[in-house]
Participant: 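Okay, handing you the structure first.
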Amino acid sequence: MKPSRMKEHLMKIHPDKADKERSFFQALKEKHGRRVISSLFARTSSQNDSGLIASYNISLLIAKCGQSFTIGEKLVIPVIKEVISTVMERDPTQVLKSIPLSNDTVARRINEMGADTEEQLCAILRDSPFSLQLDETTTSDNNALLMAYVRYRASDSDEMAEEFLFSKYLETDTKGLTIFNALSAYLQEKSIPITNILACATDGAPSMVGRYRGFTALLKEQVPHVLTVHCVLHRHNLVAKCISPVLHESLNIAVKAINKIKAHALNDRLFRQLCQENEETFERLLLHTEVRWLSKGNCLARFCELFDSIVEYLEKVDAALGERVSSSRCDIMYLTDFFEKMNEATLKLQGKDVTLVQCKAVIHSLTSRLDLYRQSIGRRHFAHFPQLTKVSGALTDELLLVYCNHLRMVKADMEIRFRDLLNLDVPAWVLQPFQADVTECETSIQEHLVDIQCDDEARAIFRTSGWCNMWIKYAQRYPALWQKTRLLILAFPTTYLVEQGFSQVIHMQSKYRNRLDLHASGALRLKLTSLQPAVKKLAEKHQAQGSH
């Protein structure tokens with residue numbers, strides 16, 4: 001560092017800067033100052049913090065996709081390495097070291113985020129009324145799994161929210177008392193008052209709806225005002241099973257024909273080849289599954305599309321069965337149209353944010369249309385039955401009488417099973433608050449109804465979003481009106497979400513993940529919930545460490 005040597009270095013190595021003034025070198029010193037130890041640690045700490053947050057976010061994505069926890073090491077890390085090295089042309093070592101994604105790390109992250117979203121939901125339910133839907137099923141490892149969903153008014157967004165509440169294994173039986181104790185223990189553990197439950201939807205099993213020892217009976221002892229609902233979808237499925245012996249025999253013949261082809265690999269391949277030769281739109285049949293709501297309609301619709309090819313193929317492999325299929329052609333065509341009508345109603349009853357009012361409209365419409373269908377068939381008008389129209393020339397009076405009696409029987413069964421829903425009292429001012437006559441309403445809400453009729457902002461929301469969203473949005477402004485309408489809006493009419501959750505359980509708990517504890521792990525909760533975990537808050541509780 002002698003001045004003479006510094007000057008010599010400047011003249012030999014940097015001759016272009018030899019005549020620069022002192023201010024030039026001072027500016028360079030300030031711009032490219034010496035890197036001290038503290039600055040190196042600060043940069044490394046910042047990178048590790050970002051890697052920790054990335055670890056949480058990637059773990060959340062793994063849970064949302066329902067994948068195994070090992071996918072972080074086996075797939076995500078190699079993908080990141082490939083992208084950085086190939087696309088960005090940089091060394092990925094430091095980035096990969098800052099993102100811990102080992103199997104145990106991903107499991108811990110998922111459990112933490114699952115607990116966080118659960119606490120968010122419980123904090124809301126402690127102070128808010130909510131409706132409940134729950135059901136139990138037997139998993140592939142012979143465990144009884146109880147699952148529950150809730151619907152409530154989200155005060156932060158003024159919207160109706162539907163969230164996964166809990167899943168719990170029932171250690172022994174699935175009786176009503178066992179299910180009630182499991183629910184009561186969970187609510188007590190999370191400090192959620194059981195009196196906050198407004199309504200509860202279940203299936204029609206005796207353990208759920210039993211008059212004395214069923215779950216709903218035990219719940220009403222604790223919450224007398226609760227509204228219990230037998231799942232509309234389950235009832236609708238029971239109505240669809242109501243067919244006469246003649247039609248039931250024809251349905252069985254169609255199912256036997258399908259099984260004859262689908263249950264044998266050789267038959268299935270030969271049938272596909274025949275469909276290709278006949279230039280059919282489809283090449284495969286659909287199996288009939290008793291427990292699926294849309295199974296009969298979809299199965300028979302495909303059967304009718306390939307009817308001629310099915311008969312042609314059965315003549316070669318089972319002539320007797322082929323003859324029975326041909327003789328039952330009219331019945332199969334009628335059942336196809338009938339189950340298609342039932343499936344249309346089933347689809348309207350499913351989905352998010354479906355209310356009791358909407359379900360009542362669907363069921364009432366279906367019962368009314370059954371009379372229309374019966375009268376049309378009686379007059380030999382088959383405009384509502386496209387498949388039956390194809391065989392209208394072969395329809396005898398005896399067959400038409402069977403179909404009319406079937407439609408009459410289905411309507412009578414619906415009126416019995418849906419008596420409570422069809423008799424549901426929906427005040428006119430709930431659906432049309434701005435056209436209702438205030439003088440004909442209850443005295444306790446007349447003044448509040450006048451206030452909302454004079455509210456131009458509420459009128460605009462009613463026109464654009466509908467009556468349901470309007471009442472939810474103005475629940476705090478008009479609490480007296482909300483008390484009268486909330487049950488119609490928040491009550492679950494079906495157990496659709498629970499059934500959907502069971503499907504996710506089957507997907508997650510495969511034979512490769514048969515040791516996954518759905519109750520203890522947060523994977524199922526993150527898969528089913530729409531709440532977002534506070535990732536940054538969770539990351540602050542941990543010290544960032546490199547991947548190892």
Side-chain angles (χ1 to χ4, degrees), residues 125 127-133 150-162 193 195-201 216 219-220 223-230 232 348-349 351-368 414-415 418-494:
L125 300 182
D127 302 320
S128 303
F130 60 91
S131 65
L132 182 73
Q133 66 168 262
V150 292
R151 177 187 281 179
Y152 60 93
R153 177 186 173 273
S155 57
D156 56 343
S157 60
D158 291 331
E159 294 179 354
M160 183 168 61
E162 297 175 347
T195 54
N196 283 1
I197 300 178
L198 292 175
C200 180
T216 56
L219 181 61
K220 287 182 177 180
V223 192
H225 65 272
V226 70
L227 172 67
T228 56
V229 180
H230 179 189
V232 177
K348 294 177 182 178
L349 297 173
K352 185 181 178 182
D353 298 339
V354 177
T355 63
L356 287 173
V357 178
Q358 293 171 325
C359 288
K360 178 184 177 180
V362 172
I363 297 301
H364 189 271
S365 172
L366 182 59
T367 54
S368 301
M414 288 193 66
E415 290 176 344
F418 294 101
R419 184 186 296 112
D420 57 340
L421 190 62
L422 294 173
N423 295 333
L424 179 66
D425 182 24
V426 182
W429 62 267
V430 174
L431 303 179
Q432 297 292 339
F434 301 99
Q435 299 178 5
D437 187 356
V438 177
T439 59
E440 297 181 357
C441 300
E442 300 178 30
T443 307
S444 58
I445 64 171
Q446 288 180 350
E447 294 180 343
H448 304 287
L449 196 55
V450 170
D451 291 340
I452 199 171
Q453 288 181 347
C454 298
D455 192 334
D456 292 336
E457 183 181 1
R459 187 185 296 270
I461 293 178
F462 175 80
R463 290 174 179 173
T464 56
S465 302
W467 65 275
C468 187
N469 292 328
M470 186 208 67
W471 288 122
I472 295 173
K473 187 174 182 61
Y474 288 96
Q476 294 182 342
R477 187 180 297 184
Y478 305 103
L481 297 177
W482 172 246
Q483 291 290 329
K484 299 289 185 180
T485 59
R486 66 182 185 180
L487 192 60
L488 294 173
I489 296 174
L490 295 182
F492 279 115
T494 69

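In what follows, every heavy atom counts, from backbone to side chain, and hydrogens, waters and symmetry copies are set aside.
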Participant: Locate the shortest heavy-atom distance separating Met160 from Ile489; write the atom from each residue and the value.
Facilitator: SD-O, 3.4 Å
Participant: Taking all non-hydrogen atoms of both residues, which atom of Phe462 and which atom of Gln432 are closest, and how far apart?
Facilitator: CZ-OE1, 3.8 Å
Participant: Tell me the closest heavy-atom pair linking Thr367 and Met414, and the distance in Å.
Facilitator: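 Minimum heavy-atom separation between Thr367 and Met414: CG2-CE, 3.7 Å.
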Participant: What distance separates Asp437 CG from Gln446 CD, expressed to the nearest 0.5 Å?
Facilitator: 9.0 Å
Participant: Sequence neighbours left out, what passes side chain to side chain donor-acceptor pair (under 3.5 Å) with Gln483? Give chain and number order.
Facilitator: Arg486
Participant: If you round to the nearest 0.5 Å, how far is CG of Leu487 from NE2 of His225?
Facilitator: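 Taking NE2 in His225 and CG in Leu487, the distance rounds to 9.0 Å.
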Participant: Can you name the side chain to side chain donor-acceptor pair (under 3.5 Å) partners of Asp158, sequence neighbours left out?
Facilitator: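 By the side chain to side chain donor-acceptor pair (under 3.5 Å) rule, Asp158 matches Arg153.
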Participant: Taking Ile461's backbone N and O only, do any of them form a donor-acceptor pair with Thr464's side chain (distance below 3.5 Å, no angle check)?
Facilitator: yes
Participant: Roughly how far, to the nearest 0.5 Å, is CG of Leu356 from OG1 of Thr494?
Facilitator: 9.5 Å
Participant: How far apart are the closest heavy atoms of Ala436 and Gln453, and which atoms are they?
Facilitator: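 Closest heavy-atom pair between Ala436 and Gln453: O-NE2, 3.2 Å.
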Participant: Taking atom CZ of Arg477 and atom CG of Asp455, what is their separation to the nearest 0.5 Å?
Facilitator: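 Here the rounded value is 5.0 Å.
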Participant: Not counting sequence neighbours, which residues clear salt bridge (charged side-chain N to carboxylate O under 4.0 Å, His left out) with Glu415? List them please.
Facilitator: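 Residues passing salt bridge (charged side-chain N to carboxylate O under 4.0 Å, His left out) with Glu415: Lys411.
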Participant: Do you know which two heavy atoms are closest between Leu449 and Pro433, and how far apart they sit?
Facilitator: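 Looks like CD1-O, 4.2 Å.
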Participant: Do Val354 and Pro493 make a side-chain contact, defined as non-hydrogen atoms from C-beta onward lying under 4.5 Å apart?
Facilitator: yes
Participant: Quick check against the 3.5 Å criterion: does Arg459 have a side-chain atom that pairs as donor or acceptor with the backbone of Cys454?
Facilitator: no
Participant: The criterion is side-chain contact (heavy atoms from CB on, under 4.5 Å); which residues satisfy it with Arg419, sequence neighbours excluded?
Facilitator: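 In terms of side-chain contact (heavy atoms from CB on, under 4.5 Å), with neighbours along the sequence ignored, Arg419 is linked to Ile416, Asn423.
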Participant: If you compare all heavy atoms of Asp127 against all heavy atoms of Asn196, which two are closest, and at what distance to 0.1 Å?
Facilitator: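 Shortest heavy-atom contact: N-ND2, 4.2 Å.
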Participant: Supply the atom-to-atom distance Leu132 CG to Leu490 CG, rounded to the nearest 0.5 angstrom.
Facilitator: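 Answer rounded to 0.5 Å: 12.5 Å.
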Participant: Give, for atom CG of Leu488 and atom CG of Leu198, the distance between the pair rounded to the nearest 0.5 Å.
Facilitator: 11.5 Å
Participant: Do the side chains of Met470 and Ile452 get nearer than 4.5 Å, heavy atoms only?
Facilitator: yes
Participant: Apply side-chain contact (heavy atoms from CB on, under 4.5 Å) to Glu442 and list each qualifying residue two or more places apart in sequence or on a separate chain.
Facilitator: Ser444, Ile445, Lys484
Participant: Please list all pairs passing the ring pair (Phe, Tyr, Trp, His ring centres under 6.0 Å) test where one or both residues lie in residues 467-493, with sequence neighbours left out.
Facilitator: Trp429-Trp471
